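Heads up, the thing below is written out as structure tokens.
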Protein chains: 2
Amino acid sequence: MSTDDTNGEAPRRVRIEDVAAQADVSVATVSRALRGLPNVAASTRRRVVDVAEQLGYQPDPAAARLAAGRTNTVIAIVPHLGSWYFSNVVAGIEAVCTQAGYDVLVIGADEPSRVDRLIDERAQLDRRADGVVLVDLPVASELAESLVRRRVAVATVGWRVGDHPAVVLDDPAVGALAAEHLLHFGHRDLGVIGGDLDPIAFEVPERRLRGFREQCQRYGVDVAAERIVGGGFRLDGGYAAMAVLLEHDPPTAVFAMSDEMAFGALMALQERGLTPGVDVSVIGVDDHEFAHVVELTTIRQNVVDNGAAAARALLAAIQDPRTTTGDAEPAEAETPTFSLVARSSTGPLNGHRADRTLSSRLP
Amino acid sequence: MSTDDTNGEAPRRVRIEDVAAQADVSVATVSRALRGLPNVAASTRRRVVDVAEQLGYQPDPAAARLAAGRTNTVIAIVPHLGSWYFSNVVAGIEAVCTQAGYDVLVIGADEPSRVDRLIDERAQLDRRADGVVLVDLPVASELAESLVRRRVAVATVGWRVGDHPAVVLDDPAVGALAAEHLLHFGHRDLGVIGGDLDPIAFEVPERRLRGFREQCQRYGVDVAAERIVGGGFRLDGGYAAMAVLLEHDPPTAVFAMSDEMAFGALMALQERGLTPGVDVSVIGVDDHEFAHVVELTTIRQNVVDNGAAAARALLAAIQDPRTTTGDAEPAEAETPTFSLVARSSTGPLNGHRADRTLSSRLP
DNA sequence: TTGTAGGCGTTATCAC
DNA sequence: GTGATAACGCCTACAA
């Protein structure tokens, strides 16, 4: 009797050579047959596949990597794994990559030192993956360059590097849309809560600000520099920023560049007894799940799709043979869409609602 | 002149053999020296390390894996990558593993079919990683078993499997604490918003419910079955659950098993003109960043730490030689702490606040 | 269409 | 303490 029914024991691994013997072909043929390569007789392929299935054969990833030089792995590098935006981007990347048979490695770049470590050649990103998705990390354009030099496919989310596939929201348009919404309500004293705080310092804020300002100018409105405050794309940052804005010469409407910051801003308002949309209007970006809860007007985007689109473009680049020779086409990724979702956190200037009696205005 | 200043070209990879030649020793010695193994003369080691540094040598992960049988990789499997709780657990895992030189692979198990695919031996989790962290996936205890059989280290978060290191909150105590808080305020008509909705079906809800009920019994209070509603640990689920609770014979206080569900519950209250903490008290679990924003009373836990603790225990198990022989110690992981954070979403029964006039009660 | 054999870059087991 | 050298398991020209 054979020994394969001893349970509790780790089953002996079946190798390609076992399949070859059983199917009565060479290992080369097994390899070709199983990977769907050409030059294998249909009948042979069927036989090999059957045997492999029956034996439960699966190639060893490590061996395949070493021999083929491909890792079947994608790395996702994000500023912070725990944040709403980034974790959803990662979710999109993972769904697409796993589906395509790629492993996905995550790396958080919370601290600048971690980015440095990645730029360092010793990180060997090129040996660990076939492609990398860089999410909002322009600090590290050197990283991108070194990756490209080492023949690692690159795709980005939120910023661009060279002409690699990039999933970038039309941020100026987003800024302009936000401005338009507020201006349309009659607001002329506008504030902005943007980036520019610690660990994340990326390009998104300036692009959104630019669009916002340009739109304002069309209305002959100027946004004072003191009314542009950094919030670091975090809840507490948004809270602090709104506090600053309210401190002196408060605006009647505020554009927060992310919903999370907007939530913080709402919090600051409520603590002062001010009603969002009545005393001060607030518009955010993202359409975070909670935007609905607090009735936040926002500009919606599909974050998971952003990640998925980047992953698809990356895989396409990896699988495109021309990528290696350097003359692949730009391989542009889809451009994300966005749309205004109006809720009650924004409203007309001096638009105290009839059904409200508690609201008060600043002196 | 050498060719190494041709830029734009992918630099030729330096192999262990190059280091060996340059340092005038064998590859075996280089390998030992670089990995800090014994039986290497101090002077030799210094020389080898210097040369390696100078040449920028780094071992190829794929080759090392194939030869050593270790992957230096950890897999984190979570029900949903984009959710607040899980993404923070992953952040904790990643921080610890990366720090220790391990790669971390993420796998989302959103759909049951994905779990099945992992259980299938063809997923070869054992060949792709040295250890796996299973987060809230008791659906897949078969998965855990198969992993163990294949000698992959396992650690869990949120549930237990065998006596592998597990990071599990004392859920009954959490439930009891929530109950105590509400009961102390005089509430006797209690509702619960728990799990039991689609994709996530884990052990946490029943444990929290048990503790909650037991504490109630100490006060002679019974929680009617109709007042225990599933919310799937999601915002919308919490919203819907609260709507159900309010529909008929509404409770005066509700225990939501996660803050996200609590947020949904608050939303349902507000839509009806009910004031949290006055008309209906709500207590959550987690101390999500937004709990502060909406003044949600909650039971705080440190989610990132949970992931980190699991990772630490996992790495310890991986590095413990006894693990392989099967007689390693249980290697218990740290038990997470928790604490009540009282805010205004909970308050005394019939405790209409003096400064409130708009609040109304249900008929 | 199929098989042979060299190589991928390390690790680990021996002798020395 | 050090050095050959055989694995590790697969891929892929090249030959047949």
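Just so it is clear, the structure is predicted and the values come from calculations on it, not from any experiment. Chain letters run A, B, ... following the sequence lines, proteins first, then strands; residues in each count from 1.
- The distance between atom CZ of B/Arg15 and atom P of C/dT11, rounded to the nearest whole Å, is 14 Å.
- Contacts between residues 34-48 of chain A and DNA chain C, defined by a heavy-atom separation below 4.0 Å, involve A/Asn39, A/Val40, A/Ala41, A/Thr44, listed by number.
- For the pair A/Ser26 and C/dG3, the criterion of a side-chain N or O lying under 4.0 Å from OP1 or OP2 is met.
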I'd like to know whether A/Arg150 forms a side-chain hydrogen bond (donor to acceptor under 3.5 Å, both in side chains) with A/Ser146, so could you lay out the CA-CA distance, the side-chain angles of the two residues, the decisive distance to 0.1 Å, and finally the verdict. CA-CA 6 Å; A/Arg150 292 160 166 282; A/Ser146 98; 4.8 Å; no
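- Atom CD of B/Gln58 and atom C1' of C/dT11 are 17 Å apart (whole Å).
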Going through the checks in order, is the side-chain hydrogen bond (donor to acceptor under 3.5 Å, both in side chains) test met by B/Ser31 and B/Arg35? CA-CA 6 Å; B/Ser31 181; B/Arg35 287 182 301 149; 3.1 Å; yes
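- Between A/Leu66 atom CG and C/dG6 atom C1' the separation is 13 Å, expressed in whole Å.
- The two atoms that bring A/Pro165 and A/Ala313 nearest to each other are CB-CB, 3.5 Å, heavy atoms only.
- Protein atom CZ of B/Arg13 is 14 Å distant from nucleotide atom C1' of C/dT10, rounded to whole Å.
- One can find a donor-acceptor pair under 3.5 Å joining the base of C/dG3 and the side-chain atoms of A/Arg32.
- Between A/Ala310 and A/Thr156, the shortest heavy-atom distance links the atoms CB-O, 4.3 Å.
- In this structure, B/Arg70 does not pair ionically with B/Asp130, as no charged nitrogen and carboxylate oxygen lie closer than 4.0 Å.
- Of the residues B/Asp50, B/Val51, B/Thr44, the one that meets the side chain to side chain contact (heavy atoms under 4.5 Å, CB included) test with B/Val48 is B/Thr44.
- When heavy atoms are screened at a 4.0 angstrom cut-off, A/Ile16 is found touching the sugar-phosphate backbone but no base atom.
- In terms of heavy-atom proximity, B/Ala20 sits nearest to B/Val30 at CA-CG2, 3.6 Å.
- If you walk DNA chain D from 5' to 3' and mark each nucleotide with an atom closer than 4.0 Å to a heavy atom of chain B, the marks span D/dG1 to D/dG9.
- Other residues, nucleotides and ligands contribute more than 12 heavy atoms inside 6.0 Å of the CD atom of B/Glu334.
- Along DNA chain D, the nucleotide closest to B/Ala68 and the one closest to B/Val25 are compared, and the more 5′ of them pairs with B/Val25.
- When each of A/Ile93, A/Val106, A/Val154, A/Val89 is paired with A/Val133, the side chain to side chain contact (heavy atoms under 4.5 Å, CB included) condition holds for A/Ile93 and for no other.
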